[in-house]
Number of protein chains: 4
Amino acid sequence: MTDKFDTSKPIYKQIADQLYWRMIRGELQPGDKLPSVRECAVEFKVNPNTVARTYNEMEREKVVKTKRGQGTFVTTDENVLFDLKESMKKIHIEEFVHEMEEMGYTEEEMVASLQEYLDGRDTND
Amino acid sequence: MTDKFDTSKPIYKQIADQLYWRMIRGELQPGDKLPSVRECAVEFKVNPNTVARTYNEMEREKVVKTKRGQGTFVTTDENVLFDLKESMKKIHIEEFVHEMEEMGYTEEEMVASLQEYLDGRDTND
Amino acid sequence: MTDKFDTSKPIYKQIADQLYWRMIRGELQPGDKLPSVRECAVEFKVNPNTVARTYNEMEREKVVKTKRGQGTFVTTDENVLFDLKESMKKIHIEEFVHEMEEMGYTEEEMVASLQEYLDGRDTND
Amino acid sequence: MTDKFDTSKPIYKQIADQLYWRMIRGELQPGDKLPSVRECAVEFKVNPNTVARTYNEMEREKVVKTKRGQGTFVTTDENVLFDLKESMKKIHIEEFVHEMEEMGYTEEEMVASLQEYLDGRDTND
DNA sequence: GTGGTCTAGACCACT
DNA sequence: GTGGTCTAGACCACA
């Protein structure tokens with residue numbers, strides 16, 4: 001899918017982010033089996049060791065669970081997935097707020113601009 | 001400054017974006033002289049031709065004005081700079097809305113989440 | 001075809017003018033495919049980059065449309081082609097008027113001379 | 001002055017055209033002395049032989065008269081200068097008509113367009 | 001010194 | 001095959 005990686009973050013984290021996205025969007029449901037390390041390595045065109053590190057990372061964060069001889073599975077703990085979604089949300093909000101601040105907008109203007117944009121969009125659709 | 005460029009957009013456009021940012025943040029004021037094509041090429045570590053293309057692009061968009069033999073200058077037309085700021089704002093809002101939608105949030109939730117985040121930040125400061 | 005270029009205008013603009021002429025004269029109809037950048041470079045004996053710049057210029061002016069991997073095509077928007085013809089007409093009238101003024105003729109004399117010339121031609125044919 | 005010559009006509013004729021222009025515009029009056037062949041050669045950056053050929057040509061056309069040991073002078077015969085002006089006028093009209101015809105305009109449209117252009121110009125000035 | 005233009009040759013993504 | 005982009009290096013006009 002995404003062929004190139006950013007230089008700002010380690011590749012194994014970027015792969016984790018990709019997989020987190022799939023969970024949040026529901027492409028990977030709680031309990032689903034992730035692709036094998038080797039499959040995943042092929043998909044992202046990276047070394048299997050890199051994917052292994054990604055899976056380790058995700059396991060440390062309790063987002064996936066590895067079952068010996070069976071594979072790696074998305075956690076069935078909805079709370080973990082909820083937290084994941086919340087933290088992704090926070091990242092996007094922070095990025096948005098940061099950029100708007102750099103452009104010199106106040107907090108009130110941010111909310112107002114967002115509201116304005118959404119209102120404009122609704123009437124046009 | 002920023003050393004690497006994204007693969008998603010041509011470099012000459014990314015350089016334009018960088019310079020637009022400097023204008024919006026006030027680092028480049030109306031009427032200011034931009035660095036020369038050759039200086040800019042050194043700063044961004046690209047070929048001078050690439051910067052020349054950037055300057056052409058910016059001139060077509062009326063954001064800068066070149067004076068033969070003297071250099072390239074930020075337009076003194078405040079309206080153009082205002083439009084620039086508005087369009088940058090719109091881009092960020094669109095990106096934010098798009099990502100929040102991909103995560104499954106409704107418009108109301110976006111505004112509420114943003115408000116919540118800002119409120120939380122204020123009490124902590 | 002035309003082998004030499006004027007020194008007064010950049011080559012890439014002169015190539016655009018040549019192609020505009022072909023459109024106005026109907027040698028290139030709306031929707032027709034232009035010669036490829038490389039073919040055109042051979043025809044005009046210039047570097048392909050120069051033709052690429054010409055095609056870019058024409059696309060910015062909405063006179064042609066490029067389809068990725070297929071080629072560059074004359075716009076089907078008749079209005080654009082009409083505007084093109086009008087602007088070419090204006091250029092020729094301006095040039096004519098300018099030269100006649102340099103020779104000291106009044107506006108009335110210009111029209112009268114033109115009319116006279118045309119009348120003389122008709123009776124001879 | 002003009003440094004480059006067109007490749008379409010011999011240089012000596014192009015120099016003659018330049019000098020004819022000066023006569024028509026009154027920079028060279030009837031009876032005036034033309035610059036010497038050597039001066040003229042310096043001005044146009046060509047070989048003196050080329051200018052000599054120009055002067056010969058102009059003498060054959062009765063536009064100038066050479067007086068041994070004194071130089072070359074514009075004819076005092078107003079008729080010749082009138083004819084010169086007429087022939088220059090005709091050249092411009094022919095060129096204009098030819099280009100308008102190539103664009104597909106009828107004779108009536110040419111006159112109307114010219115009149116229209118002049119009228120528009122008058123009201124704006 | 002400034003930007004503008006042109007050539008030569010390379011790599012890319014898309015069809 | 002198509003156009004789009006980038007680099008390297010050159011020459012030009014203008015101030």
Side-chain angles (χ1 to χ4, degrees), chain A residues 1-5 45, chain B residues 2-19 28 31-75, chain C residues 2-19 28 31-75, chain D residues 1-5 45:
Chain A
M1 190 141 287
T2 45
D3 205 16
K4 304 281 188 202
F5 292 97
K45 293 181 188 151
Chain B
T2 45
D3 206 14
K4 303 285 187 199
F5 292 97
D6 201 334
T7 53
S8 64
K9 270 199 280 189
I11 291 177
Y12 75 91
K13 283 196 178 172
Q14 296 186 51
I15 294 174
D17 284 343
Q18 288 279 336
L19 296 174
L28 285 171
D32 277 3
K33 185 180 175 303
L34 295 177
S36 83
V37 166
R38 288 159 185 83
E39 278 171 13
C40 206
V42 170
E43 183 191 349
F44 288 111
K45 292 181 188 152
V46 295
N47 188 288
N49 278 331
T50 305
V51 179
R53 197 167 177 183
T54 298
Y55 280 26
N56 260 320
E57 177 92 356
M58 295 195 298
E59 176 141 43
R60 277 200 294 105
E61 294 184 349
K62 313 260 189 222
V63 178
V64 301
K65 229 182 153 58
T66 70
K67 296 184 192 164
R68 299 290 293 261
Q70 295 181 251
T72 304
F73 300 81
V74 179
T75 182
Chain C
T2 46
D3 206 15
K4 303 284 187 200
F5 291 98
D6 201 334
T7 53
S8 64
K9 271 199 280 190
I11 292 176
Y12 75 93
K13 283 196 177 172
Q14 296 185 52
I15 295 174
D17 284 343
Q18 288 279 336
L19 297 174
L28 285 171
D32 277 3
K33 186 179 173 305
L34 295 176
S36 83
V37 167
R38 288 159 185 82
E39 278 170 13
C40 205
V42 170
E43 182 191 349
F44 288 111
K45 293 181 187 152
V46 295
N47 188 287
N49 278 330
T50 304
V51 179
R53 196 167 177 183
T54 298
Y55 280 25
N56 259 319
E57 178 91 357
M58 294 194 298
E59 175 140 44
R60 277 200 295 107
E61 294 184 350
K62 313 260 189 223
V63 178
V64 301
K65 230 184 151 57
T66 69
K67 296 184 190 164
R68 299 290 293 262
Q70 295 182 250
T72 304
F73 299 82
V74 179
T75 182
Chain D
M1 193 141 285
T2 46
D3 206 14
K4 305 280 188 203
F5 291 97
K45 292 181 188 153

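Predicted model only: the values in this text are computed from it and were never measured. Here is the naming used below: chain letters follow the sequence lines, and residue numbers restart at 1 for every chain.
In plain terms, the two heavy atoms of Val64(C) and Leu34(C) that are nearest each other are CG1-CD1, 3.6 Å.
Under the salt bridge (Lys or Arg N to Asp or Glu O under 4.0 Å) criterion, Glu39(B) pairs with no residue at all, not counting sequence neighbours. The side-chain contact (heavy atoms from CB on, under 4.5 Å) search around Thr50(C) returns Ile11(C), Tyr12(C), Ile15(C), Val46(C), Asn47(C), not counting sequence neighbours. Qualifying side chain to side chain donor-acceptor pair (under 3.5 Å) partners for Lys9(C), counting only residues two or more places apart in sequence or in other chains: Asp17(C).
Residue Ile11(C) contributes atom CD1, which lies 13 Å from atom P of dC12(F) at whole-angstrom precision. Rounded to whole Å, atom P of dT5(F) lies 13 Å from atom CD1 of Ile15(B). One can place NZ of Lys45(B) at 17 Å from P of dC6(F), the figure rounded to the nearest angstrom. When rounded to the nearest whole Å, the span between CZ of Phe5(C) and P of dC12(F) equals 19 Å. Atom-to-atom, CZ of Phe73(B) to P of dG3(E) comes out at 9 Å; the value is rounded to the nearest Å. Taking atom CD of residue Gln70(B) and atom P of nucleotide dG4(E), one finds them 13 Å apart after rounding to whole Å. Taking atom NZ of residue Lys13(C) and atom P of nucleotide dT5(E), one finds them 7 Å apart after rounding to whole Å. One interatomic measurement links the two molecules: OH of Tyr55(B) to P of dG3(E), which rounds to 7 Å at whole-angstrom precision.
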Seminar exercise, completed: With both pairing distances under 3.5 angstrom for Watson-Crick or G-U wobble, and | for a partner in another strand, the correct string for DNA chain F is ||||||||||||||.

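Comparing Gly69(B) and Arg53(B) against DNA chain F, the residue whose closest nucleotide sits nearer the 5' end is Arg53(B). The nearest heavy atom of DNA chain E to Gly71(B) and to Asn49(C) marks one nucleotide each, and the one closer to the 5' end goes with Gly71(B).
In terms of polar N and O atoms assigned as donor or acceptor, the side chain of Arg38(C) never comes within less than 3.5 Å of the base of dG1(F) in a complementary pairing.
Going from atom CZ of Phe5(C) over to atom NZ of Lys13(C) covers 15.0 Å, rounded to the nearest 0.5 Å. Taking CG of Asn49(C) as the start and OG1 of Thr54(C) as the end, the distance is 10.5 Å to the nearest 0.5 Å.
For dT7(F), one of the phosphate oxygens OP1 or OP2 lies less than 4.0 angstrom from a side-chain nitrogen or oxygen of Thr50(B). Within the 4.0 Å cut-off from OP1 or OP2 of dC6(E), not a single side-chain nitrogen or oxygen of Tyr12(C) is found.
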For this session: Kindly determine whether Tyr55(C) and Thr66(C) satisfy side chain to side chain contact (heavy atoms under 4.5 Å, CB included), including the steps that lead there.
Result: CA-CA 9 Å; Tyr55(C) 280 25; Thr66(C) 69; 5.5 Å; no

For this session: Given side chain to side chain contact (heavy atoms under 4.5 Å, CB included), test Met58(C) with Thr72(C) step by step and report yes or no.
Result: CA-CA 10 Å; Met58(C) 294 194 298; Thr72(C) 304; 5.6 Å; no

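Counting only residues at least two apart or in different chains, salt bridge (charged side-chain N to carboxylate O under 4.0 Å, His left out) contacts with residues 48-65 of chain C comprise Glu57(C)-Arg60(C).
Residues from residues 56-68 of chain B placing a heavy atom under 4.0 Å of any atom in DNA chain F, listed by number, are Arg68(B).
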